[in-house]
Amino acid sequence: AARLIASGGNAELGGALGSAAYDRIYSRSGVFTRVILESLGNRTKNQLRASSGGLAEDVDRRRVQRITDDFKDWHTLIKGERPNRPIDFMLQAYASVQENRSNAAFAPTPADDQMLGQALTALTRTNAGAPDVIARMNSAVATEFRTAAENATLAELTRALNDEVAQFCKTEIAPFYPFSGGSSRHLSPSIFGQFFGPGGKMDQFYSQHLAPYVIRTSDGLRADPGTAVGQRLSGSALAQFDRAQKIQRAFFASGSPTP
């Protein structure tokens with residue numbers, strides 16, 4: 001007992017708590033010794049309980065802090081008053097994209113692509129300060145929609161070119177002189193006007209389909225580098241429309257539908 005008192009209830013005693021050795025010592029001791037053992041044992045238990053409680057509290061505090069830090073950027077999404085919070089602008093951008101695609105599906109107009117681009121730009125602008133996972137999602141959505149829209153526009157351009165220009169040219173223009181040098185049949189002025197004249201096939205296709213994606217230069221028509229669709233247009237196709245416009249200026253200067 002004296003040795004135990006001298007040790008001050010140190011780790012040696014703590015290690016003996018609950019062990020068979022401690023039980024044997026306790027059972028063989030007198031009343032006074034048992035009182036001392038119980039006192040030292042209780043003090044050690046209280047110290048361990050306090051130590052473990054403080055450690056657990058510190059661990060929990062660090063865990064809470066990590067969670068708070070992980071979600072710190074998410075809190076910025078709802079900072080402020082409606083409808084001027086970052087999340088409100090983000091949801092509005094998504095709503096604009098949805099409305100644009102719905103309108104393009106049921107009542108398409110040449111301005112659809114431009115309006116889509118504006119909506120997607122507004123969406124990616126909300127990436128500033130947003131959590132990385134949200135910013136990456138927004139950017140991926142914008143890329144996907146832009147690519148899909150470009151592909152759909154090019155497919156529509158190809159279809160319209162074939163239906164509105166190529167077929168007419170194949171049957172009504174190409175077989176006749178002067179476009180077929182070996183032909184004895186001359187192209188009639190009215191057909192010539194329907195194809196090359198003001199408001200004709202080539203003019204309508206340019207105005208309705210190509211104009212948003214090309215620019216006029218001193219050297220003729222060029223793809224507009226500021227538009228994704230323009231960057232993917234065929235240079236040879238633009239050259240054909242450039243020649244058609246030169247023919248129109250040469251033979252229809254007065255604006256008449258016939259040369």
Side-chain angles (χ1 to χ4, degrees), residues 97 100-101 103-121 142-259:
V97 171
N100 173 272
R101 292 298 83 192
N103 292 339
F106 294 103
T109 69
D112 287 338
D113 289 342
Q114 181 180 2
M115 295 175 65
L116 174 63
Q118 293 172 352
L120 294 176
T121 297
T143 299
E144 185 70 19
F145 269 105
R146 284 193 174 102
T147 301
E150 292 165 15
N151 292 340
T153 298
L154 288 171
E156 173 59 20
L157 285 175
T158 301
R159 182 205 61 77
L161 181 64
N162 180 71
D163 295 350
E164 301 172 17
V165 177
Q167 292 300 320
F168 187 90
C169 179
K170 181 179 179 180
T171 59
E172 305 297 333
I173 302 294
F176 299 92
Y177 182 85
F179 296 96
S180 175
S183 176
S184 59
R185 296 180 299 169
H186 288 250
L187 182 65
S188 71
S190 62
I191 297 297
F192 185 79
Q194 288 180 40
F195 192 73
F196 292 105
K201 298 290 185 181
M202 295 290 279
D203 197 29
Q204 286 184 19
F205 184 87
Y206 174 81
S207 300
Q208 296 175 6
H209 301 287
L210 278 185
Y213 313 113
V214 300
I215 55 178
R216 295 181 185 274
T217 70
S218 57
D219 296 325
L221 298 178
R222 295 291 182 270
D224 185 355
T227 65
V229 173
Q231 294 173 12
R232 296 171 62 179
L233 290 177
S234 165
S236 59
L238 290 181
Q240 295 295 332
F241 281 90
D242 190 48
R243 282 194 284 271
Q245 291 188 356
K246 290 178 180 178
I247 290 174
Q248 183 183 119
R249 289 193 296 269
F251 291 92
F252 301 91
S254 65
S256 172
T258 56

If I take atom [atom1] from residue [X] and atom [atom2] from residue [Y], how far apart are they, to the nearest 0.5 angstrom?
{"X": "Leu157", "Y": "Phe205", "atom1": "CG", "atom2": "CZ", "value": "5.0 Å"}
{"X": "Cys169", "Y": "Leu161", "atom1": "SG", "atom2": "CG", "value": "9.5 Å"}
{"X": "Ile191", "Y": "Thr258", "atom1": "CD1", "atom2": "OG1", "value": "12.0 Å"}
{"X": "His209", "Y": "Gln204", "atom1": "NE2", "atom2": "CD", "value": "9.0 Å"}
{"X": "Asn103", "Y": "Met115", "atom1": "CG", "atom2": "CE", "value": "7.0 Å"}

Item to check | Lys201 to Phe195 six-membered ring, cation-pi geometry met (6.0 Å, 45°) | outcome: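 Negative - Lys201 is either too far from the ring of Phe195 or too far off its axis.
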Is the shortest heavy-atom distance from the side chain of [X] to the side chain of [Y] under 4.5 Å?
{"X": "Asp219", "Y": "Asp242", "value": "no"}
{"X": "Gln114", "Y": "Pro212", "value": "no"}
{"X": "Leu210", "Y": "Leu233", "value": "yes"}
{"X": "Pro259", "Y": "Pro189", "value": "yes"}

Checklist entry - According to the interplanar angle, ranging from 0 to 90°, do the rings of Phe251 and Phe192 count as parallel (below 30°), tilted (30 to 60°) or perpendicular (above 60°)? => result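 If you compare the ring of Phe251 with that of Phe192, the planes turn out perpendicular.
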[X] side chain to [Y] main-chain N or O, any donor-acceptor pair under 3.5 Å?
{"X": "Ser180", "Y": "Phe176", "value": "no"}
{"X": "Thr171", "Y": "Gln167", "value": "yes"}
{"X": "Asp203", "Y": "Phe196", "value": "no"}
{"X": "Gln194", "Y": "Gly200", "value": "no"}
{"X": "Thr227", "Y": "Asp224", "value": "yes"}

Which pair of non-hydrogen atoms, one from [X] and one from [Y], has the smallest distance, and what is that distance?
{"X": "Ala223", "Y": "Gly230", "answer": "CB-O, 3.0 Å"}
{"X": "Ala142", "Y": "Leu120", "answer": "O-CD1, 3.7 Å"}
{"X": "Arg216", "Y": "Leu221", "answer": "CG-CD2, 3.8 Å"}
{"X": "Met202", "Y": "Ala244", "answer": "CE-CB, 3.5 Å"}
{"X": "Tyr177", "Y": "Ser183", "answer": "CB-O, 3.7 Å"}
{"X": "Arg101", "Y": "Ala149", "answer": "NH1-CB, 4.1 Å"}

Checklist entry - Given Phe241 and Val214, is the side chain to side chain contact (heavy atoms under 4.5 Å, CB included) satisfied, shown in steps? => result CA-CA 11 Å; Phe241 281 90; Val214 300; over 6 Å; no
Item to check | CZ/Phe179: more than 12 non-hydrogen atoms of other groups inside 6.0 Å | outcome: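 Count over threshold, so yes.
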Checklist entry - Step by step, would you call Ser256 with Ser254 a side chain to side chain donor-acceptor pair (under 3.5 Å)? => result CA-CA 5 Å; Ser256 172; Ser254 65; 4.8 Å; no
Item to check | Electrostatic pair Glu150-Arg232, nearest N-O below 4.0 angstrom | outcome: yes
